[in-house]
Amino acid sequence: MTQSFQRRDVLRLAAAGAAVLCGGGAHAQGANWPTRPVNMIVPFPAGGGTDAFARPLSAQFAKISGQTLVIDNRGGAGGTVGASIASKAQPDGYTLFMGAVHHAIAPSIYPKLDYDLEKDFVPLMLLANVPQVVVVNPRRVTANTLQEFVAAAKRNPGKLNYGSAGAGTSHHLAGELFKLQTNTFITHIPYRGAGPALSDLIAGNVDLMFDGLGSSAQHIKGGRIKALMVAGSKRNPAFPDVPCAAEVGLPDYTVTTWYGLWAPKGTPADLQARIVDDMKKALASDELKAIWTQNGSEIPNLTMASYGGFVNSEIKRWAKVVKASGAKLE
């Protein structure tokens with residue numbers, strides 16, 4: 001009886017010791033992170049809105065951590081190819097995923113995703129939040145105001161077209177929402193990312209885009225494209241001369257292109273906290289504050305569970321838009 005009790009006691013002590021050691025190891029892992037380069041999967045081609053924030057963030061992260069944050073562009077299928085790859089990565093803190101509002105739309109428009117945004121990832125933080133802007137190629141579209149553009153679209157249903165980052169992206173759904181609220185028909189042309197779509201807009205191969213200010217800002221300022229409206233109820237400080245949706249008769253047209261950070265499910269809690277801490281330090285730098293402002297974004301303060309709740313609300317919101325518009329893969 002005594003021997004049996006002692007044996008059980010020893011086993012319990014051994015198990016407790018192992019738990020302590022495991023916990024201590026995980027803690028040490030978080031405390032020392034990163035000890036080598038970190039890979040951040042960006043699920044769109046280079047040159048799009050995601051890159052406008054990812055690359056400056058990468059440079060600032062290197063200054064803070066002493067390690068490289070490698071931008072790994074994996075475009076395709078409205079960002080879902082890169083998301084699928086990221087969902088299967090090792091949860092060791094050395095593969096991160098920078099997704100966007102498109103990934104909150106994808107569950108409603110892609111019927112057979114092989115990942116679940118809320119189950120296969122850990123929400124870390126919101127990185128940037130920028131209003132969308134209606135931009136046109138001034139050589140193809142002569143309208144100087146949104147009202148003039150809407151009138152032209154109504155006179156010529158289906159003749160005007162808009163490029164998007166792909167079916168199911170916020171660029172696509174913003175266009176469908178615009179069509180619903182203005183009672184117009186504009187042909188959708190999907191691309192493999194915002195970068196290629198924007199390049200074609202600048203080249204004059206498409207008429208307009210519903211784009212995030214992050215990728216359009218420099219081209220608006222350079223005169224290569226023309227902004228007719230920013231989404232939402234107020235003008236953007238970076239473009240004070242561009243009217244907002246509420247001013248041109250679209251008070252319910254509120255669309256933002258947001259970018260966020262996730263880790264694969266199973267990433268230890270202490271690592272999650274360390275990643276968030278380092279990223280917050282990067283966002284607090286004067287360099288990134290200036291770049292975010294130039295791109296029309298605020299510095300968000302939404303992390304972990306609060307960010308997860310935000311993502312959940314966005315999934316529900318865009319599901320309603322998909323249903324109302326009848327948007328589908330093309």
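Computed from a predicted model, the values in this text were never measured in an experiment.
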With a 4.5 Å cut-off on side-chain heavy atoms, are [Y] and [X] touching?
{"X": "L160", "Y": "F149", "answer": "yes"}
{"X": "I315", "Y": "E118", "answer": "yes"}
{"X": "W318", "Y": "V101", "answer": "yes"}
{"X": "L201", "Y": "V135", "answer": "yes"}
{"X": "I71", "Y": "R55", "answer": "yes"}
{"X": "S325", "Y": "L173", "answer": "yes"}
{"X": "L96", "Y": "I41", "answer": "no"}
{"X": "V150", "Y": "T184", "answer": "yes"}

Shortest non-hydrogen contact from [X] toward [Y]:
{"X": "T257", "Y": "Q132", "result": "OG1-NE2, 2.8 Å"}
{"X": "A52", "Y": "G214", "result": "CB-O, 3.4 Å"}
{"X": "A282", "Y": "L288", "result": "O-CD1, 3.2 Å"}
{"X": "A194", "Y": "H171", "result": "CB-NE2, 3.7 Å"}
{"X": "P123", "Y": "Y307", "result": "CB-CD2, 3.5 Å"}
{"X": "A174", "Y": "V255", "result": "CB-CG1, 4.0 Å"}

According to a 4.5 Å side-chain heavy-atom criterion applied to Ile, Leu, Val, Met, Phe, Trp and Tyr, with indirect links allowed, do [X] and [Y] form part of one hydrophobic cluster?
{"X": "F178", "Y": "L180", "value": "no"}
{"X": "I64", "Y": "I299", "value": "no"}
{"X": "L198", "Y": "V133", "value": "yes"}
{"X": "F44", "Y": "V311", "value": "no"}
{"X": "I105", "Y": "W262", "value": "yes"}

| task | List the steps and the verdict of side-chain contact (heavy atoms from CB on, under 4.5 Å) for T145 and M229. | result | CA-CA 8 Å; T145 67; M229 178 190 80; over 6 Å; no

In Å and rounded to the nearest 0.5 Å, what is the [atom1] to [atom2] distance from [X] to [Y]?
{"X": "M98", "Y": "L69", "atom1": "CE", "atom2": "CG", "result": "9.5 Å"}
{"X": "Q294", "Y": "L213", "atom1": "CD", "atom2": "CG", "result": "12.5 Å"}
{"X": "L250", "Y": "Q147", "atom1": "CG", "atom2": "CD", "result": "8.5 Å"}
{"X": "S58", "Y": "M40", "atom1": "OG", "atom2": "CE", "result": "6.5 Å"}
{"X": "N205", "Y": "R140", "atom1": "CG", "atom2": "CZ", "result": "7.0 Å"}
{"X": "T303", "Y": "L126", "atom1": "OG1", "atom2": "CG", "result": "10.0 Å"}

Taking atom types as modelled, find out whether [X] and [Y] have a side-chain donor-acceptor pair closer than 3.5 angstrom.
{"X": "S297", "Y": "N129", "answer": "no"}
{"X": "Y94", "Y": "T267", "answer": "no"}
{"X": "N137", "Y": "K226", "answer": "no"}

Indicate yes or no for a side-chain donor-acceptor contact from [X] to the backbone of [Y] under 3.5 Å, with no hydrogens or angles considered.
{"X": "S65", "Y": "F61", "value": "yes"}
{"X": "N236", "Y": "G296", "value": "yes"}
{"X": "Q60", "Y": "L57", "value": "no"}
{"X": "E247", "Y": "P243", "value": "no"}
{"X": "R74", "Y": "P43", "value": "no"}
{"X": "R139", "Y": "A203", "value": "yes"}
{"X": "S306", "Y": "L302", "value": "no"}
{"X": "K179", "Y": "I186", "value": "yes"}
{"X": "N161", "Y": "V206", "value": "no"}
{"X": "Y115", "Y": "F121", "value": "no"}

| said: Could you tell me if K221 sits above the aromatic ring of F239, with its cationic atom closer than 6.0 Å to the ring centre and no more than 45 degrees from the axis? | reply: yes

Salt bridge flag under 4.0 Å for residues [X] and [Y]:
{"X": "K265", "Y": "D120", "value": "no"}
{"X": "R36", "Y": "D92", "value": "yes"}
{"X": "R274", "Y": "D270", "value": "no"}

| task | Just do the side chain to side chain donor-acceptor pair (under 3.5 Å) check on S84 and K88 with the steps written out, would you? | result | CA-CA 7 Å; S84 175; K88 298 169 182 60; 3.1 Å; yes

| remark: F310 meets the ring-ring contact (aromatic ring centres under 6.0 Å, His included) criterion, sequence neighbours left out, with W258

| request: Dump the intermediate steps for salt bridge (charged side-chain N to carboxylate O under 4.0 Å, His left out) on R235 and D241, then the final yes or no. | output: CA-CA 8 Å; R235 297 192 180 201; D241 296 331; 5.2 Å; no

| said: Classify the ring geometry of F210 against Y162: parallel below 30°, tilted from 30° to 60°, perpendicular beyond 60°. | reply: perpendicular

| said: Classify the ring geometry of W292 against F53: parallel below 30°, tilted from 30° to 60°, perpendicular beyond 60°. | reply: perpendicular

| request: With ring pair (Phe, Tyr, Trp, His ring centres under 6.0 Å) as the test, would you mind laying out the steps for H102 and H172 before giving the verdict? | output: CA-CA 9 Å; H102 318 300; H172 175 201; over 10 Å; no

| Please walk me through it: do S164 and H188 pass side-chain contact (heavy atoms from CB on, under 4.5 Å)? | CA-CA 7 Å; S164 82; H188 174 223; 2.7 Å; yes

| task | Please step through side-chain contact (heavy atoms from CB on, under 4.5 Å) for the pair M304 and M125, ending with a clear verdict. | result | CA-CA 6 Å; M304 310 296 282; M125 63 190 300; over 6 Å; no

| Exceeds 12 heavy-atom contacts within 6.0 angstrom, atom CG of N301 | no

| said: As a quick check of understanding, evaluate side-chain contact (heavy atoms from CB on, under 4.5 Å) for I275 and L261, giving each step before the final call. | reply: CA-CA 10 Å; I275 294 166; L261 192 67; 4.1 Å; yes

| request: Among T68, T95, D72, find the residue that satisfies the side-chain hydrogen bond (donor to acceptor under 3.5 Å, both in side chains) test when tested with N39. | output: D72

